[in-house]
Participant: 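Take a look at this one; I'll ask things after.
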Amino acid sequence: MRQEAPVHYDEQRKVWDVFGHEDVDRVLTDYELFTSDMVSTEAARFGDDEDHPFFRTMISADPPEHGRLRGFVADRFSPGMIREYRPRIEAVAAEFIDRVADANRIDIVDDFAYPLPVTVIAELLGIPSERRDQFKAWSDTLIARPIEDTKAAVKETQTHRKRAKQEMREYFSTLLDGRADSEDDDLVTLTATTDELTREEKTGFCTLLLLAGNVTTTNLITNAVWCFEEQGVTDAVRTGAVDRTQAIEEVLRYRSPVQALRRTTTDAVEIGGQRIDAGEVITAWIGSANRDSEIFDAAAEFRPERSPNPHIAFGKGIHYCLGASLARIEADIALKALLDQFEVLSLEESEKTPLKSLYGVKELPCRVE
Ligand code: HEM
């Protein structure tokens, strides 16, 4: 598709698909021409606005609002700040490894790749991680669904989404009220005590953090185990013959956890030889851009030592993933812990997650020794 029709209109979904690296980069970088305001777009198409999980959050805002919504917290996610948190993430990883240390068979997803990021983000937020089953249920309802929903599909899930969104809003409202006078260092307190955000924006921010960082990081860790085993490089990564961080970058490129992002045109534009009117919905396929042979040598091959590796798995431009450093460090720690613990990690058959916007598997059972 990328070669035959790099920019293509899908009649059924009424969406323009953009596949090539250069064009996807342009869509993500030019925020004036390609707005992130997916809330209004969905409202116009499906009559669904306030129930959108990203209502009044940075991910669906354009400048200048975007700068205000991201600025108050950006420092907390800088690479330096996240490095300081490393020992704590290592301790969380060790705790989950301990639980399966004597097992012969584990599910990478359930036993490790899901609980690790959700526990870490819960700690950063300053909320009890015991409710992680509830967090997972909310994430599954609000995030783990195709982004190219048809009208019928959206209607069908609307009731569930409404309820999940409302539950999350109530949960965070209560927490934020309780921290209004707190002097703690957690993110809920930072959010509760800032003057930069309205009340609605505060609950939106907490919701976004809980949703944006979990399924994605779970998929990165799981996809890494999957790629290393499938490509026969697990031992090389374990011994350091292949650099672990470089190999993780290649997983991000080869099996990008987020496959596609949505934008809407604010004006008529020509891209990839196609003229697109104002107000059209664009799906920018970062998963496809990351396999563009114009940019990557042997793009279809997994090369764990690929360098340079200009993938755009964390997006590009002003919306570049706020949690990229955190996700990278979590994946690094998770893989080191798993490979140090188990000499054998042999994949069993597993079902693929039927999602278009996220790339991952529902389970990754492994025989371990
Ligand atoms: C934005 C991917 C982990 C929080 C994004 C975007 C991508 C992305 C592609 C751009 C969205 C857009 O342009 O519309 C990923 C991947 C992850 C990951 C692949 C894991 C492997 C995390 C984590 C957190 C997080 C751990 C938080 C703790 C965010 C936030 C935004 C964002 C808040 C919105 C930034 C903005 O709009 O300025 N992420 N993410 N992400 N991500 Fe991540």
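Note that ligands are numbered from 1 as they come in the structure, with each ligand's atoms numbered from 1 the same way. None of the values given here were measured: they were computed from a predicted structure. Values reported hereafter were calculated over all heavy atoms of this structure, with side chains retained and with hydrogens, waters and symmetry mates removed.
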Participant: Suppose we measure from atom 30 (C) of ligand 1 to each protein heavy atom; which comes out shortest, and what is that distance?
Facilitator: L322 CB, 3.8 Å

Participant: Once you measure the plane-to-plane angle for Y9 and W16, does it fall in the parallel (<30°), tilted (30-60°) or perpendicular (>60°) bin?
Facilitator: tilted

Participant: Quick one: which ligand 1 atoms are inside 4.0 Å of a heavy atom on I318?
Facilitator: 38 (O)

Participant: Looking at Y31, is its backbone amide N or carbonyl O close enough to the side chain of R263 to form a donor-acceptor pair, meaning the two atoms are under 3.5 Å apart?
Facilitator: no

Participant: Go through ligand 1 atom by atom and flag the ones less than 4.0 Å from a non-hydrogen atom of A313.
Facilitator: 2 (C), 9 (C), 19 (C)

Participant: Where is the nearest protein heavy atom to atom 6 (C) of ligand 1: which residue, which atom, and how far?
Facilitator: F314 O, 3.8 Å

Participant: Should D30 and R26 count as an ion pair when the cut-off is N to O under 4.0 Å?
Facilitator: no

Participant: Run down the list A212, G71, A224 and name the one with the heavy atom closest to atom 4 (C) of ligand 1.
Facilitator: A212

Participant: Between L220 and ligand 1, which part of the residue brings a heavy atom under 4.0 Å of the ligand: side chain, backbone, both or neither?
Facilitator: side chain

Participant: Does even one non-hydrogen atom of S36 get within less than 4.0 Å of ligand 1?
Facilitator: no

Participant: Identify the residue among Y254, F296, W226 that makes a ring-ring contact (aromatic ring centres under 6.0 Å, His included) with F302.
Facilitator: Y254

Participant: Starting from atom 8 (C) of ligand 1, what is the nearest protein heavy atom, named by residue and atom, and what distance separates them?
Facilitator: C321 CB, 3.7 Å

Participant: Quick check: does any side chain N or O of T218 sit under 3.5 Å from a backbone N or O of N214, one acting as donor and the other as acceptor?
Facilitator: yes

Participant: Indicate yes or no: at least one non-hydrogen side-chain atom of L208 is less than 4.5 angstrom from one of L69.
Facilitator: no

Participant: Say whether R70, considering both its backbone and side-chain N or O atoms, lies within less than 3.5 Å of an N or O atom on ligand 1.
Facilitator: yes

Participant: Using heavy atoms and a threshold below 4.0 Å, how should the contact between R262 and ligand 1 be classified: side chain, backbone, both, or neither?
Facilitator: neither

Participant: Heavy-atom count around E22 CD within 6.0 Å, excluding the residue itself: above 12?
Facilitator: no

Participant: Strictly distance-based, threshold 3.5 Å: is any side-chain N or O of N290 a donor or acceptor partner for the main-chain N or O of I312?
Facilitator: yes

Participant: Using a strict cut-off of 4.0 Å, indicate which atoms of ligand 1 neighbour a heavy atom of I121.
Facilitator: 28 (C)

Participant: Can you sort out which atoms of ligand 1 are near A327, meaning under 4.0 Å from one of its heavy atoms?
Facilitator: 3 (C), 20 (C), 21 (C)

Participant: Just which atoms of ligand 1 are under 4.0 Å from any heavy atom in R263?
Facilitator: 12 (C), 13 (O), 14 (O)

Participant: Per the side chain to side chain contact (heavy atoms under 4.5 Å, CB included) rule, which among K165, R169, R56 passes with T203?
Facilitator: R169

Participant: Could you find the nearest protein heavy atom to atom 11 (C) of ligand 1 and give me its residue, atom name and distance?
Facilitator: L261 CD2, 3.7 Å

Participant: Could you tell me the residue and atom name of the protein heavy atom closest to atom 10 (C) of ligand 1, and the distance to it rounded to 0.1 Å?
Facilitator: H319 O, 3.5 Å

Participant: Just jot down the ligand 1 atoms closer than 4.0 angstrom to any heavy atom of L326, in number order.
Facilitator: 28 (C)

Participant: Please step through side chain to side chain contact (heavy atoms under 4.5 Å, CB included) for the pair F342 and V100, ending with a clear verdict.
Facilitator: CA-CA 10 Å; F342 300 115; V100 291; 4.1 Å; yes

Participant: Any atoms of ligand 1 less than 4.0 Å from a non-hydrogen atom of T217? List them with their elements.
Facilitator: 3 (C), 20 (C), 26 (C)

Participant: Starting from atom 3 (C) of ligand 1, which protein heavy atom do you reach first, and at what distance in Å?
Facilitator: T216 OG1, 3.5 Å

Participant: Within the 4.0 Å heavy-atom shell around F77, which atoms of ligand 1 are there?
Facilitator: 28 (C)

Participant: Quick one: nearest non-hydrogen protein atom to atom 23 (C) of ligand 1, plus distance?
Facilitator: G213 CA, 3.3 Å

Participant: Within the 3.5 Å criterion, strictly below it, is a donor on H311 or E249 matched to an acceptor on the partner's side chain?
Facilitator: yes

Participant: With distance as the sole test, does T265 use its side chain to make a donor-acceptor pair with the main-chain N or O of D277 at under 3.5 Å?
Facilitator: yes

